[in-house]
Every structure is written in structure tokens, then in C-alpha cells.
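Below is one structure, written out as C-alpha cells, with a few remarks after it.
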Amino acid sequence: MYGLLLEAVALFIKKTYGIDQWTAIQREAKLEGTEGFGIHEIYSENLIPKIVDVASQQLNISKEDLLIRFGADFVDFVEQYGYERILRVLGRHFRDFLNGLDNLHEYLRFGYSKIKPPSFFVEKETMHGLVLHYRSRRRYSGYINYVCGQLKAVAKKFYRKDIDIEVLSHNVIGSRVHVIFDIQFDNEEFLKISAASKSFVIDRSLLRVKSDLFFQMFPFHIVFDSEMVIKHVGSGLYAVKPDIIGYDVTHVFTLLKPMIDFTWDQLIIHVNNAFELKTIDRVLRKAGVTDRDAAGGGDSDLDQGSSVHGSKLSNATTAVEDSDSEDSDTIQGVHLHLKGQMKPMSNWDCFCFLGTLVMTDLSVLFKAGLYLNDLSMHDSSRDLLLAGTQQSAELKLALDQEQQKSQILEDSMKRLDDERRRAAELLYQMIPRQIADQLRNGVPAEDTWQVFSSVSILFSDMYQFVNICESLTPLEVVSLLNAMYVSFDRKTEEHNVYKVETVNDSYMIVAGAPVPDSQHCSRICDMALSMLADIQNVINPSTGKHVTIRVGIHSGTIVGGVVGLRTPRFCLFGDPVNTASRMQSSGEPMKIHASEATAENLDSNIYQIIERGTIDVKGKGSMKTYWILGKSA
């Protein structure tokens, strides 16, 4: 089905029940990623039933009522695409609209070339209503209610009529659904038109036309008798199918529309419908033929009772002799598609199908072995074909250009996304993700500041770093620091802590900020133990031995936020920062020196903690501190 139907459904749910409801229905129906439906794109027939099933449960509405609403809203929806103008002029009265309903989709074929429309037929018309037959290849029963909603909306909107619809029968015949509706409404126009037709008298003596002149006007006509045997064909049809005369018309052509049996009795009933025929066999262009044999386009004496018979039905799938052609369609041929009207000829006891050729472009015409002069001049067949071909070429050129622009735009968007991703990754390395997202959303830097009531801070430094620098080249110092920092950085994600900054050989980490964490003490101690283990893999080139570090930890309340504009950084302020730094500077190599505030928050059953005693800490006075030796086995 075309996306026009699906887009109408989506828009109805959005405007009636809200975007959130449509999003929920999309998710439940597994339609995520479908931002919108292209009205000219083709989608699965299963989407409407799937949406209806989910929407009925989500919105607590019966499927029947929901489909009626979908159908009624569709009449308003198509107004934005100009189709309302077609609906308004389809008939002067509502009965005219219903009688011409079968032809409605014909007017949409230019925009929707692959449309597979339903078929409608009116019978038993009275002043109180009529009976409408509905046939469709779509076997989903919900479309019955959908059609009812559409008919009621059209009657109300364009004809100011309230109608009642009753389903008399619903049958599935082969691959088709056949539904009969009884539509009740004020149909007084039926009596007026019936009376007017009876009073209109025609002098038929003025209308006699010889059959040869009549047939010349319709190069794609077909005359067949009550036995369905072809008696005559037009010159255009004869040029490519010269040997079909004398054969059963149902063996040569398939009836596409209306959806009825291709029988004499059914044709009598549906004479007011538009008919579409398609050749069963493909028609091939004969190599080297430039002029046709016009024998089939000669005079006919069917009005005098004579008939013309062919000898043998040709096999239209014979291979083309033109070996230079690389077009597979030319090799396979094309099906002739005819559209027109069935006119009963009582004097001949025949039906005359007055058809015109339906061709998408000139290439198809060429492949079938036809030419422009095969088309009738009195209608718009030639003009439509030429205009359609020119428009198709222009549209294809425009489409190709738009596709190129779209590809360029898509490539640019991908590059932009890559740049944005890299910029975001760089920003997240400098500033915590949560705060960086606030800044990207326009939150001022000063509004990112907040108090973190309980955090643990770690400082580490490389023992005797000054002496190490004296024995190494600057490049070796940078390489040594980089090896240490890379090792530590990997562990920060593992232990869910945040690296605040590095200054020379000093490394600062916090747990419990910028995301509060009740386990901040244990996380910072686990990180410290990992640092002591990993540093043994960092070798001093001058000695061949691993470097040593001092680690200090303290816990408390701090303030954190972004500082600066040109090179913004997430910084921590408060006395616990200074105290943690003092724990590091007063510690010993390859040991974790912790304050009492940190040690009291650790589980002694998990961590091996021993008291160092009371020491004099610069700027802090006497403090009771502890050594964290590791974890209990």
C-alpha cells in the first residue's frame, strides 16, 4: 500500500491522542525508526492491521470504531494534497458520486502508478438509497469499516447528507473480498433523473454511421459476440496482434477492472463501469519492421451481419530477432494495457470495447512495436504520452540531481556527526559528562557548582621525582609520566572514580563526585591498591627498576564545578583537598596513607588497616592517620 494511508493514520493519532501515544504505538508495533511515511512510497499491507491491533489496546477503542475514524479523517487528510477537489467534482449528487466511485482511482494513477484499487458497483437504486458492491484484493476485514467511515464523511462533507450503512454480506471469493453494502439516504435525485431520461426522445435516423468510419476512430477497439468470440479489432491492435480474431476474448485478455468475472452476463450488468484489459501474452516488436500491415484496419460489415475470422493465435513470447538490443524488457516483450468503455451493440448482438492504450512512456510503445500514428487523434492519448515522457525525463533529471545533493548532504552530515562525536569525547575527557551536557545545553558555568557532602580524594606523586628528572632526558621523563598516567587512567573507569587533574607527577582522583556515591571510600581505596600494583610495571630507564609512588587519601565535604571559559576545567575546592594532599606528602613510598575520616568509613573485615599514630601535618597540626595495606584474603 502507498504511504498516503499510513501517514493519514499516524497524523490522526498524533492530533487526536497526542504524539506520546503515537510513539508508544510505534514502539509496541515495532515501527521505531519510522519518523514518517512517504506518501508515494510503498509499504507492507500488514502495517495497517498491526497499527490497528496495537492502537485499539493502547487507546481502549474497538477496532471497528477506530477504523471508521481512520476512514472519516482520511477525507480531511487528503485535502492538503489537493485530492479534495477531485472528490468535490466526482458527482453532482451523492448517488452520482457512488455511481462514479469505481472510476475515482483512475484519476490518481498519474501520481500512484502502482495503485491496486478496489472495485465498486451500484445496483437496486431507489429513492431511499441503493446497494453498493465492494470488491478488493485486500482481505483484511477491517477495510470494510474504513470504507464506511470514508463514505459517511464524504456524504456529510460534500453533500450534507447523513447516511446509514448496513453490511448485507461479506464473502471471500478466491483472492478477492466481496462485500455488499445497503446504503440508506435521501435519494430523491434518482426519481428526477429517471423521469427526465424517459422524456428525452432521440431521432435515431440521424445517427447512422458506417462501421468502417466508426472503427477508424478507435484504433484499439475490440468487438466480440455473446459467445465471447472476437469479431473485429482496431488497426492499432491488429498491427501487433493480427491473429486474435476468432478467438475467445478471455483467452487473449485479462480483465483487470472492474473485479468481476469476464462473462457476457457480468458485462451487461456493469456497462457503466470503466474497464481495463491487459493481454495475457506479451507483445514483441518485430525486428526490421517499420510499416505495419493494415489489413486488420480495413472496412467491416458487422452492421450487416458479416464477421471476420483469423486463422491462428500467435505465440507472442517468441524471441526478438534484433540481437543488438541489450534491453531485457525488449527481449521479454510487454503486456498491452487498454482502458475504456464496454458498449453493448444490440443490432450486432455484440459488445464493443472502445479502448485507448495505456502506456507509461515512449520506450514501452517502441518495445510493443507501436508508433504514435497508431494512437487515435481525436483524444489526448498522443499528448498525454508525449507530455508524460517529457515530464518523466525532467523529473528523472531533477530526481538524479536531488539524489546527488542528498548524498552530498548525507556525507556532510556524517562528517559533522563524526566531528561532533570527537568534540564531545574530548569535552568529556576534560569535564564530567553530566556537567558537560549541561554546558552544551546552555547552562552557565557558575550554575554547575554544587556541594558534595561526602567524597574521598586521592593524591599520588612519584617519589624523588626531581632526582629522576635529573638522570633522564626531557623526552624520557615525558615518556615515563605518560606510561604511569595511561595505566592509572584505565583503572579510573574500572573503579568508577573521576580523574580531576594531573600536575607534573601529581595525580588527583575523586570518588563520590560529580556523581554522588555512598561507596566512595571503598572505591578510592580499591583504586589506590590498583595504582600500587600497576606502578610496578613502570620502569625507570636510568635504574632499570620500577618507580615508586606515595598515595594519600582523605574524605569530607567539598564544592565542585566548572572554572574558566577558554579552557574550562572541573575543579574541587575545600579543606579536604588540602588535607588529602598533605596525606600524600607526609606518606611513604609504595604505601597508602589515609586520614582518620577515611579509615573510619572502611570495613575492617575487608581492608587491612593499621594505625600509624598521631603525626604533625603541615598546616593541619596533629592528626591521627592510618596505613591501608591491602584487602583481607
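One finds the CG atom of L629 at 7.5 Å from the NZ atom of K591 (value rounded to the nearest 0.5 Å). Distance check: Q584 CD to I553 CD1 gives 11.5 Å after rounding to the nearest 0.5 Å. Distance CG/L480 to OH/Y485: 9.5 Å, rounded to 0.5 Å. A distance of 9.5 Å separates OG of S522 from CG of N601, quoted to the nearest 0.5 Å. The NZ atom of K631 sits 10.5 Å away from atom CG of D603, with the distance rounded to the nearest 0.5 Å. To the nearest 0.5 Å, the span separating OG on S542 from CD on E476 amounts to 8.0 Å.
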Quiz item: Can you list the steps and then say if Q407 with D411 is a side chain to side chain donor-acceptor pair (under 3.5 Å)?
Solution: CA-CA 6 Å; Q407 186 62 47; D411 293 341; 3.0 Å; yes
Practice problem: Decide yes or no on salt bridge (Lys or Arg N to Asp or Glu O under 4.0 Å) for K50 and D53, but give the supporting numbers first. | Solution: CA-CA 5 Å; K50 187 184 294 186; D53 290 342; over 6 Å; no
Quiz item: Given R550 and H593, is the side chain to side chain donor-acceptor pair (under 3.5 Å) satisfied, shown in steps?
Solution: CA-CA 8 Å; R550 296 181 298 181; H593 191 203; over 6 Å; no
Quiz item: Where do H170 and S141 land on the side chain to side chain donor-acceptor pair (under 3.5 Å) test, with the steps shown first?
Solution: CA-CA 9 Å; H170 175 203; S141 60; 5.9 Å; no
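Screening Q58, K14, R27 for a side chain to side chain contact (heavy atoms under 4.5 Å, CB included) with W22, the sole residue that qualifies is K14. Evaluated for a side chain to side chain contact (heavy atoms under 4.5 Å, CB included) with L458, the options M583, M531, K499, R523 yield exactly one hit, M531.
T16 places no side-chain N or O within 3.5 Å of a backbone atom of I13 that could act as its donor or acceptor partner. Within the 3.5 Å criterion, the main-chain N or O of A483 finds no donor-acceptor partner in the side chain of S487. With hydrogens and angles disregarded, a donor-acceptor distance shorter than 3.5 Å links the side chain of W449 to the backbone of V562. Remark: the backbone N or O of G18 is not paired with any side-chain donor or acceptor of Q21 at under 3.5 angstrom. The main-chain N or O of S453 is found under 3.5 Å from a side-chain atom of T557 such that the two form a donor-acceptor pair.
Here the closest non-hydrogen pair linking L66 and I61 is N-CG2, 4.0 Å. Residue L572 comes nearest to G560 through the heavy atom pair CD2-CA, 4.0 Å, listed as atom of the first residue, atom of the second, then distance. Closest non-hydrogen pair, H554 versus P576, comes out as CD2-CA, 3.5 Å. Nearest heavy-atom pair, A511 versus V497, reported as atom, atom and distance to 0.1 Å: CB-CG1, 3.8 Å. Nearest heavy-atom pair across V455 and G512 is CG1-O, 3.5 Å. Taking every heavy atom of both residues into account, D505 and M484 meet most closely at O-CE, 4.0 Å.
Ion pairing between a basic and an acidic side chain is recognised when a charged N comes within 4.0 Å of a carboxylate O; K491 and D526 show no such pairing. With salt bridges taken as basic N to acidic carboxylate O contacts below 4.0 Å, none links D534 and R490. Taking the charged nitrogens against the carboxylate oxygens, R415 and D418 have no contact shorter than 4.0 Å, which rules out a salt bridge.
A centroid separation of 6.0 Å or more is found between the aromatic rings of Y134 and Y143. Taking the six-membered ring where the residue is Trp, the centroids of F77 and F12 are separated by 6.0 Å or more.
Considering only heavy atoms from C-beta on, C525 comes within 4.5 Å of L602 through its side chain. Residues Y626 and R612 form no side-chain contact, since every pair of their non-hydrogen atoms from C-beta on lies 4.5 Å or further apart. Under the 4.5 Å side-chain criterion, counting only non-hydrogen atoms from C-beta, Y463 is not in contact with M590. At a threshold of 4.5 Å between non-hydrogen side-chain atoms, the residues I524 and I509 count as touching.
Taking the six-membered ring where the residue is Trp, Y507 and F488 present perpendicular rings, their angle passing 60° and hence far from 30°.
Other residues, nucleotides and ligands place more than 12 heavy atoms under 6.0 Å from the NZ atom of K157. Atom CD1 of I19 has 12 or fewer neighbouring heavy atoms from other residues, nucleotides or ligands inside a 6.0 Å radius.
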